[in-house]
Number of protein chains: 2
Amino acid sequence: MRHASPQPAAAVPPVRTPRVGRDSPLFVGSLEKGLRVFSAFDDTHRALRLTEIAAVTGLDKSAAQRFTHTLHELGYLRKDPKTKHYRLAPKVLELGFTYLRTDNLVERATPYLLEAHKRTEETVNLTELDGTDIIYVARVPSRHQITFDVVLGTSLPAYCTAPGRAMLAFMPDEQSRSIAERSNRIAYTDKTITDLNALAAAHARARRDGYALVSEEFSPGEISIAAPVLDFARQPIAAVNMAVPMSRWTLQMIERKLVPVLMETAQAIARSEGGTTDLPPLRRTRLPQVKRASR
Amino acid sequence: MRHASPQPAAAVPPVRTPRVGRDSPLFVGSLEKGLRVFSAFDDTHRALRLTEIAAVTGLDKSAAQRFTHTLHELGYLRKDPKTKHYRLAPKVLELGFTYLRTDNLVERATPYLLEAHKRTEETVNLTELDGTDIIYVARVPSRHQITFDVVLGTSLPAYCTAPGRAMLAFMPDEQSRSIAERSNRIAYTDKTITDLNALAAAHARARRDGYALVSEEFSPGEISIAAPVLDFARQPIAAVNMAVPMSRWTLQMIERKLVPVLMETAQAIARSEGGTTDLPPLRRTRLPQVKRASR
DNA sequence: ATATCTCGTATTGTCATTCAATACGATGAT
DNA sequence: ATCATCGTATTGAATGACAATACGAGATAT
């Protein structure tokens with residue numbers, strides 16, 4: 001803090017506080033902090049001690065203590081009584097997987113993804129947009145793939161991945177530009193497009209072609225193609241994606257064999273949406289005070 | 001929760017409040033309530049309005065408003081601006097899947113589960129215990145299975161499922177009895193064992209055999225077998241499980257073809273645990289104030 | 001067309017709950 | 001042996017969560 005501003009004591013900040021979003025009195029900070037504890041864990045940080053959690057999440061020791069205690073009590077964290085290490089408990093799986101069960105899109109898309117996999121023998125993904133990122137929400141892994149599939153739930157930047165580009169290409173210009181601007185545009189490879197105008201051009205081409213092709217912009221040696229799934233208002237709600245190694249595929253082969261399947265799949269999923277825009281009007285009558293069995 | 005129960009005015013509860021667990025001053029109620037919002041959603045409640053969330057979670061309207069606002073702001077909930085319906089956002093997948101990436105057991109077990117699947121052509125599951133429930137943490141689906149796999153993350157009662165029984169059978173008696181007692185022992189079928197002594201007998205038999213066989217106690221027409229994965233201290237930390245329809249399998253066939261694979265798999269996973277009890281002592285030196293890249 | 005009901009949203013005063021500083025004992029490194 | 005760091009528990013204080021309330025919109029019934 002500089003010198004106290006020479007204004008008389010009772011100076012109230014003249015700026016009008018917005019009182020919206022996180023500043024709204026409706027925002028519960030404790031919930032946000034508690035959830036931040038979850039994000040402290042990843043594949044390189046599997047077991048954390050209290051102080052580490054505090055450091056990683058930016059909470060002080062007391063706060064970390066309270067939130068880990070709470071999450072442990074609720075069964076979301078395990079604690080090794082000897083080493084005092086915290087780990088995620090399997091119960092957190094419930095959180096994530098209810099999403100897969102509640103997302104109509106995943107449910108409707110799955111048969112088409114399987115069909116596309118059968119026709120191409122390659123991995124087929126479905127992704128959705130989450131801010132400036134894409135998130136894998138469904139996946140049919142290629143047969144040869146041995147390792148188990150933990151790609152679901154992974155998020156990658158939208159601007160330099162095929163699914164992201166396919167979705168950005170089909171949304172209003174100002175919206176895609178806004179996402180591109182807000183993205184942390186890193187050059188993952190020397191082919192990564194980071195310039196805003198160049199991105200807009202890439203979007204235009206994808207829009208013209210009906211699909212996006214991204215070659216080695218995120219991982220070297222890999223070509224990724226994606227087509228958007230459009231809703232009734234022609235807005236992208238997801239993208240079908242296939243990524244193949246350049247060692248096995250050429251551009252020509254991709255355009256001839258993969259792209260047709262890709263686009264048919266995306267369109268079939270979009271059509272399957274049929275008339276239901278969002279959800280059928282389940283209840284038209286008075287709300288009978290919903291009760292639910294505990295488990 | 002807030003309102004004190006309508007006790008007579010100045011009456012201070014004479015019982016010594018334990019000040020532990022949920023009554024501890026370390027327990028953050030707001031976090032618990034916020035997480036309760038997630039559990040309001042399931043496959044039959046995919047889109048909920050504010051009032052429904054309030055009713056299902058037991059929160060009052062104001063609380064539901066605050067927590068949905070917060071979760072929406074954080075990106076965990078989507079809100080249809082027209083219908084005002086809330087849905088889970090794909091971001092919750094991140095929560096669930098970090099578990100799969102951080103669980104050493106899942107990582108180590110996967111190759112053996114794949115191997116077991118190859119040898120039997122049947123679905124192979126890995127489950128862990130969570131209180132009185134089992135939770136599916138890994139799964140290699142059978143080839144014929146068409147539907148996409150949303151079983152991961154599902155929890156079922158331990159007392160009447162093969163994985164649960166396999167794990168209960170190999171833990172100290174008082175511990176398995178405690179779990180059985182705390183379980184809500186429903187007779188899902190007319191073969192379901194709900195009596196505590198009968199359960200103890202079933203555990204004894206499973207302990208003797210080395211695996212548990214549960215026939216039609218949870219779903220009719222299905223036989224489920226499971227073997228425990230024991231840690232260095234011979235305590236069960238998980239169970240390998242296979243469930244097959246009686247239409248294709250007899251008891252004899254199961255014992256001859258499936259059980260050997262099952263037990264070998266479970267033991268191989270246990271052995272793979274090797275020397276590392278919990279986690280290698282990653283750092284022996286001073287903690288260098290962990291910093292982490294934001295994404 | 002009007003009245004009634006329910007819902008979602010926004011506001012506010014109050015106080016319980018969260019907060020963060022602190023203290024203590026244990027453990028391990030120097 | 002000494003010091004540092006960690007996990008745990010406690011407590012006073014005030015911040016931030018709370019819940020009651022009010023209002024407008026939309027739907028339904030009269």
Side-chain angles (χ1 to χ4, degrees), chain A residues 16-34 36-37 47-73 77 79-86 281-290, chain B residues 1-5 16-37 47-73 77 79-86 281-290:
Chain A
R16 186 84 179 96
T17 49
R19 306 265 91 193
V20 292
R22 310 209 165 193
D23 287 341
S24 162
L26 295 174
F27 189 82
V28 180
S30 305
L31 179 53
E32 191 263 345
K33 289 179 202 154
R36 230 192 289 172
V37 172
L48 296 171
R49 358 180 63 194
L50 183 62
T51 335
E52 292 173 314
I53 292 178
V56 169
T57 57
L59 304 169
D60 60 53
K61 194 170 70 163
S62 291
Q65 181 187 14
R66 274 180 287 115
F67 292 117
T68 51
H69 172 84
T70 305
L71 291 175
H72 177 61
E73 201 65 36
L77 286 184
K79 183 180 186 175
D80 188 306
K82 228 179 162 57
T83 67
K84 315 288 185 184
H85 286 304
Y86 288 96
L282 287 171
R283 313 167 305 88
R284 282 289 54 136
T285 68
R286 202 72 51 79
L287 178 72
Q289 280 310 316
V290 181
Chain B
M1 187 71 60
R2 177 69 75 92
H3 283 301
S5 48
R16 185 83 179 97
T17 49
R19 307 263 92 191
V20 293
R22 311 209 164 192
D23 286 341
S24 161
L26 294 174
F27 189 82
V28 179
S30 304
L31 179 52
E32 191 264 345
K33 290 180 204 157
L35 289 170
R36 230 193 287 171
V37 171
L48 295 172
R49 358 181 61 195
L50 184 62
T51 336
E52 292 172 313
I53 292 177
V56 169
T57 57
L59 304 169
D60 59 51
K61 195 170 68 164
S62 291
Q65 182 188 12
R66 274 179 290 114
F67 291 116
T68 51
H69 172 84
T70 304
L71 291 176
H72 177 62
E73 201 66 36
L77 286 183
K79 184 177 185 178
D80 187 305
K82 232 183 159 53
T83 67
K84 316 288 187 184
H85 286 306
Y86 288 96
L282 287 171
R283 314 167 304 89
R284 282 288 57 134
T285 68
R286 204 73 53 78
L287 177 72
Q289 281 309 317
V290 180

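Note on naming: letters A, B, ... go to the chains in the order of the sequence lines (proteins, then strands), and numbering restarts at 1 for each one.
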When rounded to the nearest 0.5 Å, the distance separating CZ of R49(A) from OG1 of T68(A) is 13.0 Å

In sequence, state the C-alpha distance, the side-chain angles, and the governing distance for E32(A) and F27(A), and then conclude on side chain to side chain contact (heavy atoms under 4.5 Å, CB included). CA-CA 9 Å; E32(A) 191 263 345; F27(A) 189 82; 3.9 Å; yes

dG8(C) phosphate, OP1 or OP2, under 4.0 Å from T51(B) side-chain N/O: yes

Mind calculating the distance between CG (L48(B)) and C1' (dC7(C)) to the nearest angstrom? 15 Å

Nearest heavy-atom neighbours spanning V28(A) and S30(B): CG1-CB, 4.0 Å

Rounded to the nearest 0.5 Å, how far does CZ of R66(B) lie from CG of L71(B)? 12.0 Å

Within-4.5 Å side-chain heavy-atom neighbours: F67(A) and R36(A): no

Report all interatomic pairs (protein N or O, nucleotide N or O of nucleotides 20-23 of chain C) with separations under 3.5 Å.
| unit_1 | atom_1 | unit_2 | atom_2 | d |
| --- | --- | --- | --- | --- |
| dA20(C) | OP2 | D60(A) | OD2 | 3.2 |
| dA20(C) | N7 | S62(A) | OG | 3.4 |
| dA21(C) | N7 | S62(A) | OG | 3.2 |
| dA21(C) | N6 | S62(A) | OG | 3.4 |

Rounded to the nearest 0.5 Å, how far does CG of L50(A) lie from NZ of K79(A)? 8.0 Å

Distance, rounded to the nearest Å, where L31(A) contributes CG and dT18(C) contributes P: 12 Å

Taking for F27(A) and for K79(A) the nucleotide of DNA chain D with the nearest heavy atom, the one nearer the 5' end belongs to K79(A)

Can you check the E52(B) CD to dT6(C) P distance for me, whole Å? 15 Å

Using whole Å, what does the distance between atom C1' of nucleotide dG26(D) and atom NZ of K84(B) come to? 11 Å

Please report the distance, rounded to the nearest Å, between CD in E32(A) and C1' in dT15(D). 17 Å

Measure the CD1-NZ distance between I53(B) and K61(B) for me, rounded to the nearest 0.5 Å. 13.5 Å

To the nearest Å, how far apart are L50(B) CG and dG26(D) P? 17 Å

Below 4.0 Å: OP1/OP2 of dC19(C) and any side-chain N or O of S30(A): yes

Euclidean distance, atom CZ of residue F67(B) to atom C1' of dA17(D) [Å, nearest integer]: 8 Å

Rounded interatomic separation in angstrom, taking CZ from R49(A) and P from dG7(D): 5 Å

Measure from the side chain of V28(B), starting at C-beta and using heavy atoms only, and say which of dC19(C), dC7(C), dG7(D) lies closest. dC19(C)

